[in-house]
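What follows is a set of notes on a single structure, which appears directly below.
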Amino acid sequence: DLINIQKDSENLKNYSGPVVVNFSRHDLTKDLNEKQFIWFPPKFKIIDDKVKVLANLKSVCPEAFVSEIPVRLISKIAKKNEIYKNLFNTDLLVDSPVLMLEKFDFGEILVSTIHFDTPTANGSRFFHNLKYYFNLEEFVLPKFINEVHLKSVCGNEIYKILLQNYKRVSQIINLAKRCMLIKKRYHFFYSWERGFRGSEYQTLYFILKELVKLHGVISFPKTVVNEILYILDGYLEKIKELTEYMEERIIYFKLEKIHKLNKIDENFEKENLYFGHSKGVHGKYGGLYRKVLNCLEKIICISYNCILEER
């Protein structure tokens, strides 16, 4: 192991949302807001005093959730029925380490269960501290990005393809919402019905959204355009097949819930074929979904590499 910590079995894994954090004085924690976000966090135990704890969880916030239950309602439920007390015991999280640092060889290992990348006003401050603490390279946005204007996208074939697929996945997300399988928890986060592969749906949605935004405003060189079109050409049918299955799976999942059926064997096999097995070494993000995701991630890398080369 790279750092002397281990997972604590006494945990509340299904917590998600804001928490209040107690930060120690350190260059990495300078000027950080005590209110941060954690999403279904692991809980760690420190097994060697070489590990420096930079932050502990001080308290949970009433606007957070345990499963689908708002934290503000949990105490009422637990008081009325003792059986639910341990299922919603937010005390298990209090005082747990959420930001840890340990020296390793000539460097240091940093572990965080705080999601500083959650869209809040304060998260960027942590990355600013991170840059200076680890002496990372200064990043300046390329001039042509700073001065970018909305371009005409009428003749942009890549944009048209991406937009068409983004709209398609948006429709599927909306169908899942109407079937009560996906719920919009915050403006930047969806939760989903237990057993439903909501993470896969959400990931595809946000990747396509990012690509549409990029290719809607930036003119890329012809060589890059041709490279992306070549990649897309080999995957358009796969994307179409995957989205058709995703839509079909919502209907079957809903029917199974309504009629209290176990997952139909045929549907189970198809789900593994399209999404991969939900557990095991080749767990989430497998099957055809993995191939489509690889394609879109490759396009994101090509797009951003092109931007960075223009610096």
_CA sep, side-chain torsions, deciding dist, call: Asn129, Asp27, side-chain contact (heavy atoms from CB on, under 4.5 Å)_ = CA-CA 7 Å; Asn129 294 345; Asp27 289 341; over 6 Å; no
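- Residue Ile172 is not grouped with residue Met180 when hydrophobic side chains (ILVMFWY) are merged at heavy-atom distances under 4.5 angstrom, including chains of intermediate members.
- Within 6.0 Å of the NZ atom in Lys177, the count of heavy atoms belonging to other residues, nucleotides or ligands exceeds 12.
- Around the NZ atom of Lys58, the shell of radius 6.0 Å holds no more than 12 heavy atoms that belong to other residues, nucleotides or ligands.
- Aromatic ring centroids of Trp192 and Tyr205 lie 6.0 Å or more apart.
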_Worked verdict on Leu211 versus Tyr159 for side-chain contact (heavy atoms from CB on, under 4.5 Å)_ = CA-CA 8 Å; Leu211 283 169; Tyr159 177 77; over 6 Å; no
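- The shortest distance between side-chain heavy atoms of Ile231 and Leu229 does not fall below 4.5 Å.
- Across every non-hydrogen atom of Cys61 and Tyr15, the tightest pair is N-OH, 3.4 Å.
- Scanning both residues, Ile114 and Ile38, for their nearest heavy atoms gives CA-CG2, 3.9 Å.
- Judged purely by atom type and a 3.5 angstrom limit, Thr29 uses its side chain to pair as donor or acceptor with the backbone of Ser24.
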*asked:* Please determine whether side chain to side chain donor-acceptor pair (under 3.5 Å) holds for the pair Trp39 and Thr118, giving the CA-CA distance in whole Å, both sets of side-chain angles, and the decisive distance to 0.1 Å.
replied: CA-CA 10 Å; Trp39 304 103; Thr118 301; 3.0 Å; yes
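- Remark: Gln171 CD to Tyr166 OH distance equals 11.5 Å, nearest 0.5 Å.
- A salt bridge between Lys254 and Glu193 is absent, with no side-chain N of the basic residue lying under 4.0 Å from a carboxylate O of the acidic one.
- Distance alone, capped at 3.5 Å, is enough to place a donor-acceptor pair between the Ser96 side chain and the Leu93 backbone.
- Across Ala64 and Gly17, no two heavy atoms sit closer than the pair CB-CA, 4.0 Å.
- Atom CG of Asn56 sits about 9.0 Å away from atom CE of Met100, to the nearest 0.5 Å.
- Atoms CG and CD1, on Leu242 and Ile239 in that order, are 8.5 Å from each other to the nearest 0.5 Å.
- Between Leu273 and Leu288, the closest side-chain pair of non-hydrogen atoms is not below 4.5 Å.
- Judged by a 6.0 Å distance limit and a 45° cone about the ring axis, Lys209 is not positioned over the six-membered ring of Phe206.
- Val20 and Phe116 sit in two unconnected hydrophobic clusters of ILVMFWY residues. Membership requires side-chain heavy atoms under 4.5 Å apart, directly or through other members.
- In summary, the side chains of Asn174 and Arg178 do not present any donor paired with an acceptor at a separation below 3.5 Å, with no hydrogens or angles considered.
- Looking at Lys222 and Glu227, no side-chain N of the basic residue comes within less than 4.0 Å of a carboxylate O on the acidic one, giving no salt bridge.
- Closest approach of Lys45 to Lys7, counting heavy atoms only: CE-O, 4.3 Å.
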*Please walk me through it: do Tyr304 and Glu210 pass side chain to side chain donor-acceptor pair (under 3.5 Å)?*
CA-CA 11 Å; Tyr304 274 111; Glu210 176 70 11; 2.4 Å; yes
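- Hydrophobic clustering keeps Val51 apart from Ile47 (ILVMFWY residues linked when any side-chain heavy atoms are closer than 4.5 Å, directly or through intermediates).
- Separation of atoms CG (Leu130) and OG (Ser112) is listed at 10.0 Å; rounding is to 0.5 Å.
- Classification of the Tyr186-Phe37 ring pair by plane angle, with boundaries at 30° and 60°, yields perpendicular.
- Taking the six-membered ring where the residue is Trp, Tyr201 and Phe196 present tilted rings, their angle falling between 30° and 60°.
- How far CG of Leu255 is from CD1 of Ile250: 12.0 Å, rounded to the nearest 0.5 Å.
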*Given the rule in the salt bridge (Lys or Arg N to Asp or Glu O under 4.0 Å) test, do Glu297 and Arg290 qualify, once you have shown the distances and angles that lead to the verdict?*
CA-CA 10 Å; Glu297 287 173 344; Arg290 175 73 264 173; 3.0 Å; yes
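- The side-chain heavy atoms of Leu99 and Val111, taken from C-beta on, include no pair separated by under 4.5 Å.
- In terms of modelled atom types and a separation under 3.5 Å, the side chain of His115 and the main chain of Asp117 share no donor-acceptor contact.
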_Derivation of the side-chain contact (heavy atoms from CB on, under 4.5 Å) call for Asp8 and Phe44_ = CA-CA 5 Å; Asp8 192 335; Phe44 291 108; over 6 Å; no
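- A 4.5 Å side-chain heavy-atom check between Lys52 and His26 finds at least one atom pair inside the cut-off.
- The only option from Val224, Val212, Val225 that meets the side chain to side chain contact (heavy atoms under 4.5 Å, CB included) definition with Ile158 turns out to be Val225.
- Residues His215 and Ile228 share a closest heavy-atom pair of CE1-CD1, 3.6 Å.
- Stacking of Arg249 on the aromatic ring of Tyr274 is not recorded, the 6.0 Å distance cut-off and the 45° axial limit not both being met.
- Here the side chains of Tyr252 and Glu248 are in contact, with some heavy-atom distance below 4.5 Å.
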*Take Phe23 and Lys30 through the side-chain contact (heavy atoms from CB on, under 4.5 Å) test and state the conclusion after the steps.*
CA-CA 9 Å; Phe23 287 106; Lys30 187 178 178 183; over 6 Å; no
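- At a threshold of 4.5 Å between non-hydrogen side-chain atoms, the residues Ile307 and Leu214 count as touching.
- Scanning both residues, Gly276 and Arg197, for their nearest heavy atoms gives O-NH2, 3.0 Å.
- The structure places CD1 of Ile3 at 10.0 Å from CG of Asp48, a figure rounded to the nearest 0.5 Å.
- Contact of the Tyr133 side chain with the Leu101 side chain is registered, since non-hydrogen atoms from C-beta on lie closer than 4.5 Å.
- Gln36 contributes a side-chain N or O that, together with a main-chain N or O of Asn33, makes up a donor-acceptor pair within less than 3.5 Å.
- Hydrophobic clustering of Ile, Leu, Val, Met, Phe, Trp and Tyr side chains at less than 4.5 Å, counting indirect connections, unites Val169 with Ile300.
- Within the 3.5 Å criterion, the main-chain N or O of Pro41 finds a donor-acceptor partner in the side chain of Asn11.
- If you check the side chains of Asn4 and Glu102, you find a donor sitting under 3.5 Å from an acceptor.
- Hydrophobic clustering of Ile, Leu, Val, Met, Phe, Trp and Tyr side chains at less than 4.5 Å, counting indirect connections, keeps Val94 apart from Ile69.
- Judged purely by atom type and a 3.5 angstrom limit, Asn165 uses its side chain to pair as donor or acceptor with the backbone of Ile161.
- Contact annotation: the side chain of Leu296 never approaches that of Tyr235 to less than 4.5 Å [non-hydrogen atoms, C-beta and beyond].
- Between the side chain of Arg72 and the main chain of Glu63, no donor-acceptor pair closer than 3.5 Å is present.
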